[in-house]
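This one's a predicted model, so the numbers in the text were calculated from it and none came from an experiment.
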Amino acid sequence: MPIANPPDGTEFDYIVIGAGSAGCVLANRLSADPKNRVLVLEAGGNDNWIWFHIPVGYLFAIGNPRSDWMFRTGKVPGLNGRDLAYPRGKVIGGCSAINGMIYMRGQSTDYDGWRQLGLEGWGWDDVLELYKSHEDHFGGASDLHGAGGEWRVEPARIRWEILDRVAEAAVETGIPRTDDFNTGNNYGSSYFQVNHKTGRRWSAARGFLKPVLNRSNLTLMTGVHVEKVIVEGRRVTGVRLRQSGAVKTMHVAREAALSAGAVASPQIMELSGIGDADRLRGLGIETIHHLPGVGENLQDHLQLRPIYRVSSVRTLNVDYQSLMKRAWMGIEYALFRKGPLTMAPSQLGIFAKSGEDYDMPNVQYHVQPLSLDKFGDPLHTFPAVTVSVCNLRPTSRGSIHVTSSDPLVQPDIAPNYLATEEDRRVAVDSIRLTRRIMYAPALKPYDPQEYQPGDHLTTDEELVRAAGDIGTTIFHPVGTAKMGADSDPMAVADARLRIRGLDGLRIADASAMPTITSGNTNSPTMIIAEKAARMMLEDARA
């Protein structure tokens with residue numbers, strides 16, 4: 001095991017800031033050559049807690065300061081003045097240790113859209129090869145999937161009658177079934193494929209980082225807060241960090257990579273003096289490099305969470321009320337790695353079009369055989385399903401910016417949900433589409449009744465307000481240090497993920513996305529890191 005507390009002034013070839021989903025991939029790839037000295041800095045801790053590994057553990061990890069950074073947004077006008085919890089993983093593996101475990105790539109048009117923005121090498125055919133290169137798909141190798149890689153993908157290990165009937169209702173509403181959401185066109189309904197291995201969560205730490213920690217050229221430091229990257233002239237030469245009260249500087253000979261996530265990566269850049277000069281000046285931070293796009297372009301999938309009471313069918317709400325059934329859940333998991341403890345937060349997915357003017361699906365459903373007021377609250381005592389729906393390609397844009405020069409002060413998170421007319425229209429249409437699905441013939445035997453927001457709300461104005469009342473993050477922030485063409489004045493990085501105007505620093509996480517992908521963002525974040533590592537190694541050989 002490499003030393004975890006290198007002395008002040010130690011030099012490494014590469015420094016990876018953040019050991020989340022992206023950082024674990026970078027650590028693995030950059031350290032594969034024993035000549036490369038690689039340091040990985042993680043502000044969280046190790047994944048030595050049982051709920052990081054049992055899939056249903058997200059219920060205990062989200063909202064827990066042991067595992068979640070406990071960020072909160074500011075008050076959001078589009079949410080009727082509400083603020084939200086904004087979970088981010090506080091552990092090696094990052095959000096892949098506490099998220100919904102859903103394996104999702106998005107649509108081919110997402111990536112072809114990036115290429116059309118002038119970002120060569122980011123089209124669907126380019127990224128498909130990256131996905132396959134590290135995938136270990138339960139179906140084996142094919143034109144669309146890889147086998148033998150570090151990122152395990154398996155089918156769900158439990159089915160629910162009520163979810164099967166919701167899928168039938170979707171067909172009756174005109175939405176087809178599909179066998180695979182990851183072909184480039186995710187239109188249809190199916191159970192999600194998940195990042196599990198035999199019933200246990202398969203995080204980026206388990207897949208990419210922990211198997212290679214015995215490499216003598218790889219050093220992992222945990223409990224480390226990065227105060228700033230150090231810039232000399234136009235080159236990043238090191239990182240100043242704080243661990244257990246001690247401040248140190250680590251030097252970098254080749255490159256540092258920011259993989260701290262869409263919240264922390266722009267925060268670190270601004271603390272380093274990289275960002276909008278006027279904003280930094282107002283906080284007393286010396287501007288090292290004027291880059292106005294840092295912290296801008298925040299995008300996230302806002303989920304609306306309609307809840308329907310049902311009857312004459314099993315749901316987790318009712319099962320959980322029985323001590324005997326809860327005991328059996330534990331036994332079933334311990335002996336067979338099956339049952340409700342293997343559940344991702346959502347099991348059934350539906351990708352649909354909220355209106356006829358969309359060529360590709362523009363909304364995604366996460367359907368759950370349970371209901372609760374919000375994550376962290378107890379399950380309702382009545383049988384119910386949650387039919388969460390999100391706008392896949394929101395046009396609203398928010399921001400994340402520091403409010404202090406102190407790296408321990410949380411940044412201001414302003415998601416700006418439902419700020420555009422188009423987003424409000426999609427929200428209204430989504431609620432109406434949900435009602436058509438839930439009142440389709442396949443579900444009539446279960447007598448669905450809308451508990452939230454309530455079917456007495458019918459006008460556009462009432463439904464926009466309802467969306468603001470029930471909307472919440474689905475934990476997919478991206479875009480706050482976007483890559484873009486030379487002609488884009490708000491681009492933070494170029495197509496090779498290099499920070500514009502600086503040498504020796506790249507962005508290698510979800511911050512780099514110019515536009516959000518059409519689905520869950522964890523695996524897309526990891527292929528950004530995969531590509532970043534390749535480009536860093538290519539440039540070192542040049």
Which word best sums up how the rings of Y111 and W124 line up, parallel for under 30°, tilted for 30 to 60°, or perpendicular for over 60°?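 Tilted: the ring planes of Y111 and W124 meet at 30° to 60°.
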
Could you tell me how the ring of H225 sits relative to the ring of W69: parallel (under 30°), tilted (30 to 60°) or perpendicular (over 60°)?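 The rings of H225 and W69 stand perpendicular, inter-plane angle above 60°.
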
Rounded to the nearest 0.5 Å, how far does [atom2] of [Y] lie from [atom1] of [X]?
X: S31; Y: R37; atom1: OG; atom2: CZ; value: 13.5 Å
X: D423; Y: R393; atom1: CG; atom2: CZ; value: 11.5 Å
X: S511; Y: I400; atom1: OG; atom2: CD1; value: 8.0 Å
X: C390; Y: R305; atom1: SG; atom2: CZ; value: 13.0 Å
X: Q364; Y: L392; atom1: CD; atom2: CG; value: 5.5 Å
X: T10; Y: H251; atom1: OG1; atom2: NE2; value: 8.5 Å

Taking [X] for its side chain and [Y] for its backbone only, find out whether a donor-acceptor pair lies under 3.5 Å.
X: H301; Y: T517; value: yes
X: T420; Y: T395; value: no
X: T73; Y: L84; value: yes
X: R201; Y: N99; value: yes
X: K248; Y: V239; value: no
X: Q303; Y: V389; value: no
X: T473; Y: F475; value: yes
X: R506; Y: A532; value: no

For E270, enumerate each residue passing the side-chain hydrogen bond (donor to acceptor under 3.5 Å, both in side chains) test, keeping only those at least two apart in sequence or located in another chain.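 H401.
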
Excluding sequence neighbours, so at least two apart, what forms side-chain hydrogen bond (donor to acceptor under 3.5 Å, both in side chains) with E135?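 Scan of E135 (side-chain hydrogen bond (donor to acceptor under 3.5 Å, both in side chains), adjacent residues dropped) gives Y103, R105, H145.
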
Set of salt bridge (Lys or Arg N to Asp or Glu O under 4.0 Å) partners for E227, sequence neighbours left out: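 Partners of E227 under the salt bridge (Lys or Arg N to Asp or Glu O under 4.0 Å) test: R240, R242.
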
Apply the test side-chain hydrogen bond (donor to acceptor under 3.5 Å, both in side chains) to residues H289 and R234: give CA-CA distance (whole Å), side-chain angles for both, the deciding distance (0.1 Å), then the verdict. CA-CA 8 Å; H289 180 47; R234 310 309 298 171; 2.5 Å; yes

Provide the closest heavy-atom pair for [X] versus [Y] in the form atom of the first, atom of the second, distance.
X: A427; Y: A467; result: CB-CB, 3.9 Å
X: V40; Y: A27; result: CG2-CB, 3.5 Å
X: S518; Y: N186; result: O-ND2, 3.2 Å

Would you check if there is a donor-acceptor pair between the side chains of [Y] and [X] at a distance under 3.5 Å?
X: S21; Y: N522; answer: yes
X: S430; Y: Y365; answer: no
X: Q107; Y: N185; answer: no
X: Q299; Y: H476; answer: no

After noting the C-alpha distance and the side-chain angles of L291 and D276, does the key distance pass the side chain to side chain contact (heavy atoms under 4.5 Å, CB included) rule? CA-CA 5 Å; L291 207 55; D276 182 77; over 6 Å; no

Step by step, work out the salt bridge (Lys or Arg N to Asp or Glu O under 4.0 Å) result for R29 and E150. CA-CA 11 Å; R29 299 302 191 239; E150 297 90 348; 2.8 Å; yes

Quick test of your reading of the model: are [X] and [Y] salt-bridged, counting only N-O distances below 4.0 Å?
X: D125; Y: R115; value: no
X: K531; Y: E120; value: no
X: R235; Y: E255; value: no

Which side-chain hydrogen bond (donor to acceptor under 3.5 Å, both in side chains) pairs, counting each pair once, include a residue from residues 77-96, with sequence neighbours left out?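 For residues 77-96, and leaving out neighbouring residues, the side-chain hydrogen bond (donor to acceptor under 3.5 Å, both in side chains) pairs sorted by first residue read R72-D83, N80-R465, N80-D469, Y86-D300.
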
According to the side-chain hydrogen bond (donor to acceptor under 3.5 Å, both in side chains) rule, which pairs have a member within residues 492-503, sequence neighbours left out?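 For residues 492-503: D486-R500, D494-R498, R496-E538, R496-D539.
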
Would you say D357 has more than 12 foreign heavy atoms packed within less than 6.0 Å of its CG?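 Atom CG in D357 is crowded, with more than 12 foreign heavy atoms closer than 6.0 Å.
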
The criterion is ring-ring contact (aromatic ring centres under 6.0 Å, His included); which residues satisfy it with F181, sequence neighbours excluded?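 In terms of ring-ring contact (aromatic ring centres under 6.0 Å, His included), with neighbours along the sequence ignored, F181 is linked to F192, F351.
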
Please tell me if the side chains of E296 and T480 come closer than 4.5 Å, counting only heavy atoms from C-beta onward.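 SC-SC contact between E296 and T480 ruled out.
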
Is the shortest heavy-atom distance from the side chain of L537 to the side chain of L30 under 4.5 Å?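 SC-SC contact between L537 and L30 confirmed.
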
Go through D509 and S259 one step at a time and tell me if the side-chain hydrogen bond (donor to acceptor under 3.5 Å, both in side chains) criterion holds. CA-CA 5 Å; D509 59 24; S259 57; 5.7 Å; no

Tell me whether K482 forms a cation-pi arrangement with W114, defined as NZ or CZ under 6.0 Å from the six-membered ring centre and within 45 degrees of its axis.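 Here K482 fails the 6.0 Å and 45° test against W114.
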
